[in-house]
Number of protein chains: 2
Amino acid sequence: MVEPYYDRAGITIYHGDCFTILHELEGIDAFVTDPPYSSGGAFRSDRTVSTVSKYVQTQTQAYRPEFGGDNRDQRSFMTWCGMWLSAAYNASNANAIVCSFIDWRQLPTLSDAIQAGGWTWRGVAVWSKKFGRPTPGRFSNACEYVVWGSKGPMLQREVYPPGVFECSPPSGDAKQHIAQKPEAVMEWVLSVVPDGATVCDPFMGSGTTLRAAKNAGCKCIGIEADEQYCEMAAKRLQQDVLPFAT
Amino acid sequence: MVEPYYDRAGITIYHGDCFTILHELEGIDAFVTDPPYSSGGAFRSDRTVSTVSKYVQTQTQAYRPEFGGDNRDQRSFMTWCGMWLSAAYNASNANAIVCSFIDWRQLPTLSDAIQAGGWTWRGVAVWSKKFGRPTPGRFSNACEYVVWGSKGPMLQREVYPPGVFECSPPSGDAKQHIAQKPEAVMEWVLSVVPDGATVCDPFMGSGTTLRAAKNAGCKCIGIEADEQYCEMAAKRLQQDVLPFAT
DNA sequence: GCCGAGAATGAATCCATCC
DNA sequence: AGGATGGATTCATTCTCGG
């Protein structure tokens with residue numbers, strides 16, 4: 001069994017590759033995560049290939065060119081998402097929930113991947129950031145999306161979470177990770193997760209999901225490949241335990 | 001050439017099959033439309049019932065006519081969307097814009113189809129209805145989406161439309177079609193369309209797009225297969241011309 | 001005309017029942 | 001792997017209507 005990087009008060013952090021760790025896990029009730037989007041830019045040269053090629057090494061080739069410029073990264077992103085979603089499915093209990101953030105460009109790919117991984121796709125929820133970067137002549141990209149689903153039928157629950165949640169992105173000192181989500185957004189997403197569930201975030205980053213899950217009374221598990229973020233998250237989570245925490 | 005059902009003051013309505021009519025058209029600057037979604041429910045039997053019982057179930061329901069073309073399965077929906085988007089592409093000028101409404105379930109299919117039809121997919125805009133019908137334990141489906149793109153590069157314009165638009169759906173006497181959009185929502189979508197453009201809605205319904213396009217100073221063309229809706233739209237549009245219109 | 005109370009509404013989803 | 005039908009459920013917002 002893999003050794004945790006941090007393990008205290010129902011919070012466990014693993015430092016390592018998500019596939020390796022997921023393979024060892026079981027009994028998860030909910031996956032709530034914000035994976036790297038491999039997005040940005042309409043052309044391949046605009047993208048950072050490193051994050052993708054780090055996880056997937058497949059022979060990439062031109063694929064249905066009539067579907068537009070750049071399907072190579074799209075294809076490997078699809079494969080990679082299918083892989084982690086499938087591993088997550090296998091580590092889950094029956095009736096588990098999966099919620100993954102994504103941007104508009106990869107939304108269709110992720111909705112395919114979630115189903116390819118065995119999950120039942122249940123819907124899309126919208127995080128409205130109020131103001132996206134304005135672009136002349138175009139709709140601003142002011143939203144990110146939560147593609148979500150379940151492992152088989154869902155448990156009956158008496159909550160009615162809104163389908164749109166409006167909240168400004170973090171800024172200033174509160175922001176420790178490029179893609180960091182506000183804690184309020186994570187709490188909103190967690191409202192579809194049963195009380196006392198075991199929540200796992202396989203792409204933990206600075207640990208916002210874990211903080212929100214802990215506040216919701218959940219047991220939680222984070223996985224992160226970058227040790228710098230493991231340390232940062234452990235510090236953030238330990239702070240909360242102190243009596244004089246803010 | 002096909003005979004118009006209505007043709008007055010820069011507004012033309014064709015009654016007939018959209019493929020037949022689109023084949024005859026040319027010189028369109030923007031397609032703005034709200035096609036039948038062929039959505040609803042997780043089971044085929046839920047999708048194949050009539051639009052009235054599928055989308056509305058309350059006790060004292062005002063009568064609104066059925067609309068056709070809403071019972072395709074995923075595969076034929078994809079093919080059908082590819083066909084009309086391709087026909088629309090062929091009827092378009094260079095730099096034309098396409099904007100099509102869709103719900104969460106069919107968003108990935110439509111984003112594939114728009115690219116299969118030759119368009120460059122530019123993004124997703126969100127119409128937030130504020131509050132959808134609640135479903136226990138799940139995010140309410142409070143949004144519809146605008147999948148949009150262009151024929152080649154876009155013209156430079158000095159407008160900055162928001163990526164999310166919040167507006168309640170029409171109700172009461174103002175609602176004549178089950179899936180009718182508020183005029184304000186159509187005006188928001190039309191903000192990416194150049195001034196004085198020729199706008200076409202190949203699934204006109206009760207004619208909201210045409211009203212909004214006319215108010216925006218556009219020439220407009222509507223196509224509708226159901227004569228009942230052609231009549232309804234013609235009446236709505238003619239009303240606006242009268243000096244004592246409300 | 002304004003305000004408050006009560007009623008109606010919704011591009012929904014699931015499931016039991018029937019043929 | 002059967003397929004269609006109808007009923008039950010839900011609550012913030014919007015509408016209606018009376019005072």
Side-chain angles (χ1 to χ4, degrees), chain A residues 95 97 120-126 148-150 152-166 188 191-192, chain B residues 33-74 77 80-81 100-110 126-147 165-186 189 201 203-206 208-209 226 229:
Chain A
N95 316 116
I97 301 282
T120 303
W121 183 31
R122 297 288 180 182
V124 173
V126 177
W148 72 284
S150 67
M154 291 183 63
L155 296 174
Q156 289 286 333
R157 293 185 63 237
E158 298 263 322
V159 292
Y160 297 88
V164 192
F165 190 80
E166 198 173 286
W188 161 64
S191 59
V192 292
Chain B
T33 192
D34 187 24
Y37 295 172
S38 292
S39 201
F43 306 100
R44 188 171 54 186
S45 60
D46 284 327
R47 287 188 295 268
T48 48
V49 294
S50 75
T51 51
V52 167
S53 56
K54 176 158 62 165
Y55 295 128
V56 187
Q57 269 179 20
T58 44
Q59 283 147 8
T60 57
Q61 170 60 43
Y63 171 77
R64 293 186 194 100
E66 295 276 348
F67 61 94
D70 200 62
N71 297 318
R72 291 173 234 271
D73 66 26
Q74 196 91 30
F77 183 74
W80 176 77
C81 283
S100 176
F101 280 86
I102 201 66
D103 70 351
W104 67 272
R105 199 184 293 278
Q106 302 285 29
L107 197 163
T109 305
L110 186 62
V126 178
W127 169 36
S128 165
K129 298 188 247 189
K130 294 189 181 173
F131 202 85
R133 182 180 293 207
T135 321
R138 303 161 187 238
F139 296 106
S140 81
N141 294 318
C143 296
E144 289 182 36
Y145 303 91
V146 179
V147 173
F165 190 80
E166 196 174 271
C167 180
S168 296
S171 58
D173 291 344
K175 180 166 176 170
Q176 306 189 329
H177 188 291
I178 295 173
Q180 187 172 327
K181 301 289 173 280
E183 212 164 308
V185 169
M186 284 302 178
V189 172
D201 182 351
F203 310 102
M204 180 186 65
S206 55
T208 310
T209 307
D226 186 329
Y229 282 118

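Here is how names work: the chains are called A, B, and so on, in the same order as the sequence lines, proteins then strands, and each is numbered from 1. Note that this is a predicted model, so its numbers are computed, not measured.
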- Closest to the B/Phe131 side chain, choosing from D/dG6, D/dC11, C/dA11: D/dC11
- Message: Side chain of B/Glu144, heavy atoms from C-beta onward: which of C/dA11, D/dT10, D/dT14 has the nearest atom to it?
- Response: C/dA11
- Message: Once you apply a heavy-atom cut-off of 4.0 Å, does A/Arg122 come out as touching a base, just sugar-phosphate, or nothing?
- Response: sugar-phosphate
- Just checking B/Asp103: base, sugar-phosphate only, or nothing, at a heavy-atom cut-off of under 4.0 Å? nothing
- Query: Is any side-chain nitrogen or oxygen of B/Asn141 closer than 4.0 Å to OP1 or OP2 of C/dG10?
  - Reply: no
- Query: Just checking A/Pro162: base, sugar-phosphate only, or nothing, at a heavy-atom cut-off of under 4.0 Å?
  - Reply: nothing
- Could you check how far CZ of B/Phe203 sits from P of C/dA11, rounded to whole Å? 20 Å
- Item | Proximal nucleotide (of C/dC14, C/dA12, D/dT14) relative to the B/Ser171 side chain | D/dT14
- Using only side-chain N and O atoms of B/Lys175, determine if any of them is under 4.0 Å from OP1 or OP2 of C/dA11. yes
- Starting at CZ of B/Arg105, measure out to CZ of B/Arg47 and round the result to the nearest 0.5 Å. 7.0 Å
- B/Trp127 side chain near C/dA11 phosphate (N/O to OP1/OP2, under 4.0 Å): no
- Query: When the distance from CZ of B/Arg133 to P of C/dT13 is rounded to whole Å, what number comes out?
  - Reply: 10 Å
- Task: Please state the P separation for the pair D/dA8 and C/dA11 - nearest whole angstrom.
- Result: 22 Å
- Look at the side chain of B/Asp201 and the backbone N and O of B/Thr33, then say whether any donor-acceptor pair between them is shorter than 3.5 Å. no
- Item | B/Lys129 side-chain N/O to D/dA12 phosphate OP1/OP2 under 4.0 Å | no
- Item | Any B/Arg44 side-chain nitrogen or oxygen under 4.0 Å from OP1 or OP2 of D/dG3 | yes
- Item | D/dA12: pairing nucleotide in any strand, Watson-Crick or G-U under 3.5 angstrom | C/dT9
- Any idea how A/Trp121 and B/Trp104 line up, ring-wise: parallel (<30°), tilted (30 to 60°), or perpendicular (>60°)? perpendicular
- Message: If I take atom CD from residue B/Glu66 and atom OH from residue B/Tyr55, how far apart are they, to the nearest 0.5 angstrom?
- Response: 10.5 Å
- Task: Keeping the roles fixed (side chain from B/Asp103, backbone from B/Glu144), state whether a donor-acceptor pair exists under 3.5 Å.
- Result: no
- Message: From C-beta outward on B/Arg64, which listed nucleotide comes closest to its side chain: C/dA11, C/dG10, D/dT10?
- Response: C/dG10
- Starting from the 5' end of DNA chain C, give me the residue, B/Ser45 or B/Phe101, whose nearest nucleotide shows up first. B/Phe101
- Query: What's the CZ-P distance between A/Phe165 and D/dA12, to the nearest Å?
  - Reply: 16 Å
- Message: Looking at B/Gly205, is its backbone amide N or carbonyl O close enough to the side chain of B/Gln180 to form a donor-acceptor pair, meaning the two atoms are under 3.5 Å apart?
- Response: no
- Message: If I take atom CE from residue B/Met204 and atom CG from residue B/Asp226, how far apart are they, to the nearest 0.5 angstrom?
- Response: 9.5 Å
- Message: Just the rounded figure in Å: distance from P of D/dT13 to CD of B/Glu166.
- Response: 9 Å
- Could a donor-acceptor pair under 3.5 angstrom be found where the side chain of B/Asp34 meets the base of C/dA11? yes
- Using a cut-off of 4.0 Å on non-hydrogen atoms, how would the nucleic acid contact of B/Pro35 be classed: base, sugar-phosphate, or nothing? base
- Message: Under the criterion of centre distance below 5.5 Å and interplanar angle below 30°, is B/Tyr55 classified as stacked on the base of C/dA12?
- Response: no
- B/Arg138 CZ - D/dT9 C1' separation (whole Å): 12 Å
- Message: Can you measure B/Leu107 atom CG to C/dA11 atom C1' for me and round it to whole angstrom units?
- Response: 14 Å
- Starting at the 5' end of DNA chain D, which residue's closest nucleotide do you reach first, A/Tyr160 or B/Val49? B/Val49
- Item | Any B/Arg47 side-chain nitrogen or oxygen under 4.0 Å from OP1 or OP2 of C/dA12 | no
- Item | Value in whole Å for how far the C1' atom of C/dT13 lies from CZ of B/Phe139 | 16 Å
- Message: What is the separation between atom CG on B/Asp173 and atom C1' on D/dT14, rounded to the nearest whole Å?
- Response: 13 Å
